[in-house]
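Structure record follows, encoded as structure tokens.
A, B, ... follow the sequence lines: proteins, then strands. Residue 1 opens every chain.
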Number of protein chains: 2
Amino acid sequence: MGITKSEHFTDEQNELATLAKAIGHPARIAIIQHLIKVNSCVCGDIVNELPLAQPTVSQHLKELKNAGLIKGNFEGNAICYCLNEEGFNKIKDFFQHINTYLENKKNQCC
Amino acid sequence: MGITKSEHFTDEQNELATLAKAIGHPARIAIIQHLIKVNSCVCGDIVNELPLAQPTVSQHLKELKNAGLIKGNFEGNAICYCLNEEGFNKIKDFFQHINTYLENKKNQCC
DNA sequence: CATCTATATCGTAATATTGCAATATAAATA
DNA sequence: TATTTATATTGCAATATTACGATATAGATG
């Protein structure tokens, strides 16, 4: 089959999965790290930073954008990308929940 | 090609991507949420909680285990699964870094 | 030991992802 | 308007993922 049975899961579960999946590629991790590192809007030098061809980078940017993790504005004929808080805020709560749980859990068999 | 070019990225980037990718499926989000909810080791009732066949659940558990996000102990003829702090701690720093950045960033074009 | 119960593995079909060359598009500039 | 520059889209091949029936395995129990 190969189709993820999204309809059997909650919207929250599907949304979190989509976000995590979008982050789940080293090229997309690299893009996120680069956007943080340069601490400003990046107008296209992402292609030069990555060991991938331009169409491939464009595809990764598209996936991050679709997931709501980055956003881009036209700036002349270039595009200015930066992180999108909305997307990251959605994951933040999930991980904070997990961390709180892990800090307090006791008497587990493993 | 379809092969992720892991060799061109740093170990950290590959590791973070592997962790995020493992989380990036609604069934695996559901497993994580369930393990937190029951607040104890779960010996096999995960299959009953999910809308998927037993082999499929077993496969998802394997992926979470391989990524270091859960661990399992034999408990009689059943297996006891719970969250693995190690894996989650690795992602924690990444997201904390992002959150700190997002809270402080200013004067961005987007 | 035979059987039951719980979980894993195998095999396979359907689908998704990754990557890139070629090409298209769109704004800027000569 | 022709050209350049920046980015996106298309098309396709290679590979990975998802799902499940069938089957294997391993401990518990009769």
Nucleotide nearest A:N77 (side chain, heavy atoms from C-beta), chosen from C:dC20, C:dA28, C:dT7
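Closest of the options to the side chain of A:N77: C:dA28.
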
What is the distance, to the nearest angstrom, from the [atom1] atom on [X] to the [atom2] atom on [N]?
X	N	atom1	atom2	answer
A:L50	C:dT18	CG	C1'	14 Å
A:Q59	D:dT15	CD	C1'	14 Å
A:E63	C:dG19	CD	P	10 Å
A:H25	C:dA16	NE2	C1'	13 Å
B:N14	D:dA16	CG	C1'	16 Å
B:F74	D:dA28	CZ	P	10 Å
B:I79	D:dT25	CD1	P	16 Å
B:L61	D:dA19	CG	C1'	15 Å

Would you say CG of B:D11 has more than 12 non-hydrogen atoms from neighbouring residues, nucleotides or ligands within 6.0 angstrom?
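Count not over threshold, so no.
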
Exceeds 12 heavy-atom contacts within 6.0 angstrom, atom CD of A:E7:
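Result for CD/A:E7: enclosed.
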
CZ on A:F88 to CG on B:L102, rounded to 0.5 Å:
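Reported value, rounded in 0.5 Å steps: 7.0 Å.
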
At under 4.0 Å, does any side-chain N or O of [X] touch on OP1 or OP2 of [N]?
X	N	answer
A:T56	C:dT18	no
B:K62	C:dT9	yes
B:K21	D:dA16	no
B:Y81	C:dA6	no
B:S58	C:dA8	yes

Which residue, A:R28 or B:P55, contacts DNA chain C at a nucleotide closer to its 5' end, judged by nearest heavy atom?
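Looking at the nearest nucleotide for each, B:P55 comes out on the 5' side.
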
Both B:K65 and A:H60 contact DNA chain C. Taking the nearest nucleotide for each, which residue is further toward the 5' end?
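Residue closer to the 5' terminus by nearest nucleotide: B:K65.
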
If you go through the side-chain atoms of A:Q54, does one of them form a donor-acceptor pair with the base of D:dA8 closer than 3.5 Å?
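Indeed there is one.
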
In terms of ring plane angle, is the pair A:F9 and B:H25 parallel, tilted or perpendicular, where the classes change at 30° and 60°?
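Because their plane-to-plane angle is over 60°, the rings of A:F9 and B:H25 count as perpendicular.
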
Candidate list B:E63, B:K65, B:K62, test side-chain contact (heavy atoms from CB on, under 4.5 Å), partner B:I70, passing option
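Only one of B:E63, B:K65, B:K62 forms a side-chain contact (heavy atoms from CB on, under 4.5 Å) with B:I70, namely B:K65.
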
